[in-house]
There are 4 protein chains.
Amino acid sequence: MPRIAAADREDLVETRKSQIVDATLRLLASQSFDRTSVDAIAKEAGVSKGSVYLYFESKDAIIDELVRRYSLIRDVEKMVDSVNDISPEDALGTVVPVLWQQLVARRELIKLLLREGPARPDVSKVLFEKIVIPGNTMVADWLARHIGPERAKEIDTFVAGRLIFGMLMAFIITQELLGGKDARPIEDEKITSTITEVFLYGIMGRNGKKKKKAC
Amino acid sequence: MPRIAAADREDLVETRKSQIVDATLRLLASQSFDRTSVDAIAKEAGVSKGSVYLYFESKDAIIDELVRRYSLIRDVEKMVDSVNDISPEDALGTVVPVLWQQLVARRELIKLLLREGPARPDVSKVLFEKIVIPGNTMVADWLARHIGPERAKEIDTFVAGRLIFGMLMAFIITQELLGGKDARPIEDEKITSTITEVFLYGIMGRNGKKKKKAC
Amino acid sequence: MPRIAAADREDLVETRKSQIVDATLRLLASQSFDRTSVDAIAKEAGVSKGSVYLYFESKDAIIDELVRRYSLIRDVEKMVDSVNDISPEDALGTVVPVLWQQLVARRELIKLLLREGPARPDVSKVLFEKIVIPGNTMVADWLARHIGPERAKEIDTFVAGRLIFGMLMAFIITQELLGGKDARPIEDEKITSTITEVFLYGIMGRNGKKKKKAC
Amino acid sequence: MPRIAAADREDLVETRKSQIVDATLRLLASQSFDRTSVDAIAKEAGVSKGSVYLYFESKDAIIDELVRRYSLIRDVEKMVDSVNDISPEDALGTVVPVLWQQLVARRELIKLLLREGPARPDVSKVLFEKIVIPGNTMVADWLARHIGPERAKEIDTFVAGRLIFGMLMAFIITQELLGGKDARPIEDEKITSTITEVFLYGIMGRNGKKKKKAC
DNA sequence: GATGAATGAGCGTTCATTCAT
DNA sequence: CATGAATGAACGCTCATTCAT
């Protein structure tokens with residue numbers, strides 16, 4: 001006979017898990033997971049070390065949960081949905097800056113994923129299958145619907161779809177994670193407009209923006 | 001009165017440091033630096049554990065030296081030199097595949113830099129100032145010389161220069177480091193040709209490949 | 001004014017204590033007491049962990065109670081009573097096999113007593129004074145009544161009485177507790193008949209089984 | 001190039017292992033192995049906790065080594081050798097008291113083996129195969145050579161051989177390990193002479209000592 | 001009376017670092 | 001210069017015990 005109703009119990013579990021995962025994310029901003037002790041996580045979360053093991057099977061389970069919780073996939077999905085019927089010419093101008101802002105806001109998570117992902121097969125798998133592939137596929141489908149059959153013969157939309165993220169990541173890594181923002185700042189507008197320009201002409205090929213300009 | 005001539009002494013120090021740094025790099029292919037013990041490094045390097053501390057102040061000093069030694073900068077420099085006077089249209093077809101091959105070959109070093117870099121201010125600084133900036137600048141200068149004044153008004157060549165690496169990195173990270181190569185393989189040729197196409201049209205804008213096509 | 005009648009209350013305490021002690025004994029069949037957690041005991045007993053501490057001061061108090069409750073003494077008493085007036089020649093043939101079966105059935109308790117007893121002065125005391133001495137005395141008295149004055153001068157019946165248990169224990173320990181049953185099996189019948197034979201001739205001396213053989 | 005000669009190295013390993021094993025044996029006199037911490041062992045041995053792991057793979061490896069080192073088997077072997085051609089009538093009078101003394105001297109080891117053995121399959125196996133079986137077999141062979149064909153049909157010498165140890169163990173356990181020595185002392189001489197008498201008549205059957213007495 | 005979430009001391013184990021040789 | 005035995009702090013994890021509900 002549990003003293004606490006099932007719903008309250010679930011709430012408690014959820015609260016505690018969040019406390020611990022969030023504390024971990026905070027600590028991971030300044031040091032690797034390996035160098036972050038369970039003691040430190042517990043202290044940061046405001047619970048005892050023993051409690052951490054009440055809610056997670058092991059230290060590693062914390063990072064698994066963390067990755068599960070903080071993925072960009074839902075944002076990407078929403079964004080692609082919202083521009084579904086809008087051509088890249090019209091959509092990229094808003095999509096790229098928004099995407100940039102979201103990636104910047106999650107820079108710490110990205111730092112974490114870049115650090116921990118490649119070294120952990122389980123994390124890698126989740127990252128690749130649950131984030132990269134679905135996100136990439138959505139963008140590829142959208143591109144395929146808009147670039148026209150001629151251009152579609154020349155470029156692979158699945159590959160092209162991944163490029164937009166690569167371009168954005170290049171600046172997240174160099175400006176936000178490697179300290180470029182301080183050492184050699186670049187205005188956000190310049191980053192996003194250049195990416196928009198390059199990607200737009202890049203995917204449209206020789207027909208790029210032709211509609212808007214008679215040749 | 002030193003028993004050994006200064007030059008010889010320096011040679012020894014250099015030899016030992018290289019032994020240790022190279023051994024470390026080899027071991028980092030399969031596990032994170034944190035999980036690589038000094039014991040293992042010493043064994044792999046063929047020296048005693050004590051000797052490691054004769055040539056490095058601490059375990060961390062090894063990774064600092066490693067990052068200092070291994071950069072892509074010299075390769076980028078050579079490559080830019082070799083295509084200095086060749087237009088992007090003619091150069092990218094060879095440059096992109098070569099760059100791709102070199103990045104793939106160094107995937108372990110990239111994994112290491114992504115893991116250790118963002119968490120270490122000193123490493124970040126070196127990476128950014130000695131690799132990102134010089135490489136980016138060389139490519140930007142080259143681009144500036146070829147895209148023409150009209151296009152130059154529309155895109156920032158410094159930003160555009162970094163994009164080519166971002167595009168390549170997107171696939172190094174997803175295909176090589178996150179296991180995409182096994183889960184969802186893509187032919188190297190498809191990756192490099194798509195990047196070439198997108199980047200070329202992207203930077204050239206509406207004049208892309210105009211020489212080849214009368215308008 | 002107690003809400004529950006004193007008798008009922010005692011019943012409850014007794015029931016709960018039994019639940020917990022019995023559960024512990026069951027668990028001790030497969031692992032040492034040290035490696036049996038209070039969690040596991042509570043679960044096996046069907047009560048909460050907190051309840052264990054309602055009825056026992058500490059984990060160790062459970063084992064003390066267990067040892068106090070389970071002894072062979074009542075069985076030995078009954079057995080000696082039943083053969084009180086029967087001579088060893090006639091009695092041993094049935095007593096030894098029955099005793100053997102009872103010891104085999106309690107092998108786990110014996111394992112427990114051997115493990116926990118010698119290291120705990122309180123348990124030792126209980127074991128020795130409440131089990132060894134009374135059981136030994138009963139057997140010694142029975143022997144004294146039957147071996148005749150001549151033989152009584154040669155052997156100490158108190159010592160001899162303890163030997164029958166030693167003989168049986170030798171096989172409980174080696175065959176049942178050390179895995180000899182699997183590695184080098186011996187039929188139960190061979191064990192009990194040999195013990196009967198040796199002990200019988202042993203205690204009777206040169207007059208052993210004289211009834212059956214005119215001299 | 002090791003600084004220490006191989007022989008010296010071996011000596012050191014042997015010394016350290018002995019230090020640790022002996023310290024462990026000392027501590028096991030008063031508490032179970034589970035409750036004996038590596039910290040305590042290291043302290044008792046006069047080495048650091050880290051050093052324990054320099055010489056033993058794990059805590060469990062210490063007890064394995066301990067059991068390997070302290071077995072009675074060599075003593076039993078020697079004893080059986082020395083009485084090889086002597087009949088039980090003449091031999092038991094000296095063998096039993098000597099065996100008793102040796103078992104008493106090793107009471108702490110026996111306590112340890114009774115406690116740790118049954119709970120550890122690996123220890124059990126070693127105990128049974130390396131101590132019980134060889135010792136038992138030697139004694140059985142010796143008995144078989146002396147009891148004559150007639151008696152050999154009635155008792156199993158392998159079973160009988162184990163009985164002599166059972167009889168001795170009964171008193172080791174009750175007098176030495178359970179505190180009977182203090183609560184209800186019995187003279188050593190009484191123990192050994194009774195065992196000798198009972199075992200001798202027991203194994204010889206109706207022909208026991210007949211040589212000495214015409215019937 | 002009954003519960004089980006919470007605690008934190010203590011465990012076995014690892015390993016960066018030191019230093020006598 | 002080179003070694004590796006020795007160290008002990010720190011780790012991830014367990015679990016006996018407490019106590020608010």
Side-chain angles (χ1 to χ4, degrees), chain A residues 1-4 8-9 12-13 15-16 34-43 46-62, chain B residues 2-4 9 12-13 16 34-43 47-62, chain C residues 2-4 9 12-13 16 34-43 47-62, chain D residues 1-4 8-9 12-13 15-16 34-43 46-62:
Chain A
M1 254 179 293
R3 299 276 118 178
I4 300 174
D8 288 355
R9 178 77 238 280
L12 177 63
V13 169
T15 304
R16 289 278 180 275
D34 268 345
R35 295 192 184 195
T36 304
S37 72
V38 176
D39 250 323
I41 291 172
K43 198 169 227 174
V47 301
S48 73
K49 189 159 48 157
S51 283
V52 171
Y53 287 89
L54 229 43
Y55 297 98
F56 291 95
E57 250 196 2
S58 68
K59 189 190 167 190
D60 273 18
I62 302 173
Chain B
R3 299 194 163 236
I4 299 170
R9 178 132 213 303
L12 177 62
V13 168
R16 288 278 182 272
D34 274 341
R35 296 187 184 193
T36 304
S37 70
V38 175
D39 249 324
I41 292 172
K43 198 170 214 174
V47 301
S48 74
K49 197 164 28 160
S51 282
V52 171
Y53 285 86
L54 230 43
Y55 296 100
F56 291 94
E57 237 192 15
S58 71
K59 190 190 165 189
D60 274 17
I62 302 173
Chain C
R3 299 193 164 237
I4 300 169
R9 176 137 213 304
L12 177 61
V13 169
R16 289 278 183 273
D34 273 343
R35 295 186 186 195
T36 304
S37 68
V38 175
D39 248 324
I41 291 172
K43 197 170 215 173
V47 301
S48 75
K49 198 163 27 157
S51 283
V52 172
Y53 285 87
L54 229 43
Y55 297 99
F56 292 95
E57 236 190 18
S58 69
K59 188 188 165 190
D60 275 17
I62 302 173
Chain D
M1 253 178 294
R3 301 272 117 179
I4 300 172
D8 288 355
R9 178 77 236 280
L12 177 63
V13 168
T15 305
R16 288 280 179 274
D34 267 347
R35 294 190 185 197
T36 305
S37 71
V38 176
D39 249 322
I41 292 172
K43 198 169 225 174
V47 300
S48 74
K49 187 156 51 152
S51 282
V52 171
Y53 287 88
L54 230 43
Y55 297 99
F56 291 94
E57 250 196 2
S58 68
K59 190 189 166 189
D60 273 16
I62 301 174

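Letters A, B, ... mirror the listed sequences (proteins, then strands); counts begin at 1.
A pairwise comparison of heavy atoms in C/I62 and C/F56 identifies CG1-CG, 3.8 Å as the closest pair. Minimum heavy-atom separation, A/K59 to A/D34: NZ-O, 3.6 Å. Considering every non-hydrogen atom in both C/V47 and C/R16, the closest pair reads CG1-CD, 4.2 Å.
Between C/S51 and E/dT3, a side-chain N or O to OP1/OP2 separation shorter than 4.0 Å is present. Regarding contacts with the backbone of E/dT17, a side-chain N or O of B/Y53 is found under 4.0 angstrom from either OP1 or OP2. Contact check, A/R16 against E/dA6: a side-chain N or O comes under 4.0 Å of OP1 or OP2.
When the C1' atom of E/dC15 is taken as reference, atom CD of D/E57 falls 16 Å away, rounded to whole Å. Per the geometry, NZ belonging to C/K59 stands 15 Å off P belonging to F/dT18, to the nearest Å. Note: CG (B/D39) to P (F/dA5) measures 10 Å, nearest angstrom. In this structure, A/D34 places its CG atom 12 Å from P of E/dA16, rounding to the nearest Å. Atom CD1 of D/I41 and atom C1' of E/dT13 are 13 Å apart (whole Å).
Using Watson-Crick or G-U wobble geometry with both donor-acceptor distances under 3.5 Å, E/dG10 finds its partner in F/dC13. Pairing of F/dG8, defined by two Watson-Crick or G-U wobble distances under 3.5 Å, is identified with E/dC15.
Of the candidate nucleotides F/dC1, E/dG12, F/dT7, F/dC1 has the atom nearest to the side chain of B/L12. Taking the side chain of A/S48 as heavy atoms from C-beta on, and the options E/dA16, E/dA6, F/dT3, the nearest nucleotide is E/dA6. In the set F/dG12, F/dC1, E/dC15, F/dC1 carries the atom at the smallest distance from any side-chain atom of B/L54.
Nearest-nucleotide positions on DNA chain F place A/R35 closer to the 5' end than the other of A/R35 and C/D60. The 5' end of DNA chain E is approached more closely, in terms of each residue's nearest nucleotide, by A/G46 than by the other of A/G46 and B/V38. Between B/G50 and D/V52, the residue whose closest nucleotide on DNA chain F is further toward the 5' end is B/G50.
A/Y55 comes within contact range of the sugar-phosphate backbone alone, with a heavy-atom separation under 4.0 Å but no base atom that close.
Residue A/K43 holds its NZ atom at 9.0 Å from OG of A/S37, rounded to the nearest 0.5 Å.
At a cut-off of 3.5 angstrom, the base of F/dT7 holds no donor-acceptor pair with the side chain of D/K49.
Taking 4.5 Å as the limit, some side-chain heavy atom of D/Y55 sits within range of a side-chain heavy atom of D/L12.
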